[in-house]
J.: 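Can you keep this structure in mind? I'll have questions shortly.
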2 protein chains.
Amino acid sequence: MSIFGGKWKPIILNCIGESSLRFGKLNQLMPAISNKVLSNELKELETLGLIERKEFKESPQRVEYSLSDSGKSLMPVLHEIASWGNSNQAKKIVTEMVK
Amino acid sequence: MSIFGGKWKPIILNCIGESSLRFGKLNQLMPAISNKVLSNELKELETLGLIERKEFKESPQRVEYSLSDSGKSLMPVLHEIASWGNSNQAKKIVTEMVK
DNA sequence: AATACCGGTAACCTGTAGGTTACTACAAAT
DNA sequence: ATTTGTAGTAACCTACAGGTTACCGGTATT
């Protein structure tokens with residue numbers, strides 16, 4: 001869990017999914033994340049080998065992020081977690097927490 | 001993940017599993033966790049409804065912790081995570097991290 | 001030459017998860 | 001009376017994940 005844990009990594013991975021997204025697009029999909037934090041997380045995810053960064057020699061500059069094979073292999077796990085999160089058991093907990 | 005995340009919660013849940021363990025036994029199974037932290041985590045897990053605490057009116061005092069139904073429903077998810085952690089994909093990442 | 005677009009970086013700040021160490025409350029056994 | 005076993009609590013500390021705000025560097029358009 002120290003690999004894909006933290007506040008943003010699972011969300012970012014989920015946003016990327018099967019697609020290939022630009023920095024700006026990610027920022028737009030997650031308005032609550034700041035430039036700096038997004039940049040950091042993407043760097044870490046790349047270092048961990050969960051995502052791949054492709055820089056296109058265009059203008060204005062363009063960078064796209066996509067899941068690596070390791071990243072893809074993680075998706076079923078994230079889905080399991082998400083579906084537990086949507087289960088009744090988990091929802092009870094969350095509604096208790098909010099009170 | 002904010003429910004079962006953190007450094008110790010998944011480990012504690014896994015230690016308890018199907019059994020019913022005393023405070024001291026848990027401490028012994030996880031020598032690296034301090035009394036205070038273990039105590040905190042158990043309280044949180046109980047508040048979250050993932051474990052149940054049973055106090056026996058004996059002497060010396062005796063308290064046993066076991067998984068609640070919610071806790072049990074979480075185990076398959078933890079196992080998924082663990083088995084991803086043992087996959088080749090994840091192991092590569094870990095060996096890179098150690099370097 | 002100024003402005004806009006894009007993908008960031010620099011400098012700085014803060015709350016809190018997790019840790020250390022020592023102490024406590026209760027009952028039973030010696 | 002004092003020691004033992006058990007399950008904690010009190011007081012304190014600290015590193016770091018995550019956040020804010022402002023700025024940078026290259027290119028193309030106006």
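Residue numbers start from 1 in every chain, and the chains themselves are labelled A, B, ... in the order their sequence lines are given, proteins ahead of strands.
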J.: Under 4.0 Å, counting only non-hydrogen atoms across every strand here, what does A/F56 touch: a base, just sugar-phosphate, or nothing?
T.: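 Nothing, no heavy atom under 4.0 Å.
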J.: Does a salt bridge link A/R62 with A/E64, judged by any charged N lying under 4.0 Å from a carboxylate O?
T.: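 Yes, this pair counts.
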J.: Quick check: do A/I11 and A/I33 have side-chain heavy atoms less than 4.5 Å from each other?
T.: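 In short, these two side chains do not touch, never coming nearer than 4.5 Å.
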J.: Please tabulate, one pair per line, each protein N/O and nucleotide N/O from nucleotides 13-16 of chain C that are separated by under 3.5 Å, including the distance.
T.:
none

J.: Which residues, if any, of residues 1-13 of chain B bring a heavy atom under 4.0 Å of DNA chain D?
T.: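 By residue number: none to list.
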J.: Check whether any side-chain heavy atom of A/C15 sits under 4.5 Å from a side-chain heavy atom of A/M30, and report yes or no.
T.: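 Counting from C-beta outward, A/C15 and A/M30 do come under 4.5 Å.
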J.: Tell me which residues in residues 37-54 of chain A put a heavy atom below 4.0 Å from DNA chain C, sorted by number, or none.
T.: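 DNA chain C contact set from residues 37-54 of chain A: A/S39, A/K43, A/R53.
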J.: Can you list every pair that meets side chain to side chain donor-acceptor pair (under 3.5 Å) and has a residue in residues 71-80 of chain A, with sequence neighbours left out?
T.: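 Residue pairs with at least one partner in residues 71-80 of chain A: A/S73-B/W84.
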J.: Rounded to whole Å, please give me the gap between CD1 in A/I33 and P in D/dA17.
T.: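 Going from A/I33 (CD1) to D/dA17 (P), I get 14 Å.
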J.: Taking distance alone, no hydrogens or angles, what donor-acceptor pairs closer than 3.5 Å link side-chain atoms of residues 1-8 of chain A to residues at least two apart or in another chain?
T.:
none

J.: Under 3.5 Å, which N/O atoms of the protein pair with N/O atoms of nucleotides 23-28 of chain D?
T.:
from	atom 1	to	atom 2	distance (Å)
D/dG25	N2	A/Q61	NE2	3.1
D/dT27	O3'	A/S59	OG	2.8

J.: Can you tell me if CG on B/N86 sees more than 12 non-hydrogen neighbours from other groups inside 6.0 Å?
T.: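 Correct, the count exceeds 12.
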J.: Which sits closer to the 5' end of DNA chain C, A/K36 or A/R62, going by the nucleotide each is nearest to?
T.: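 Its nearest nucleotide lies further toward 5', so the answer is A/R62.
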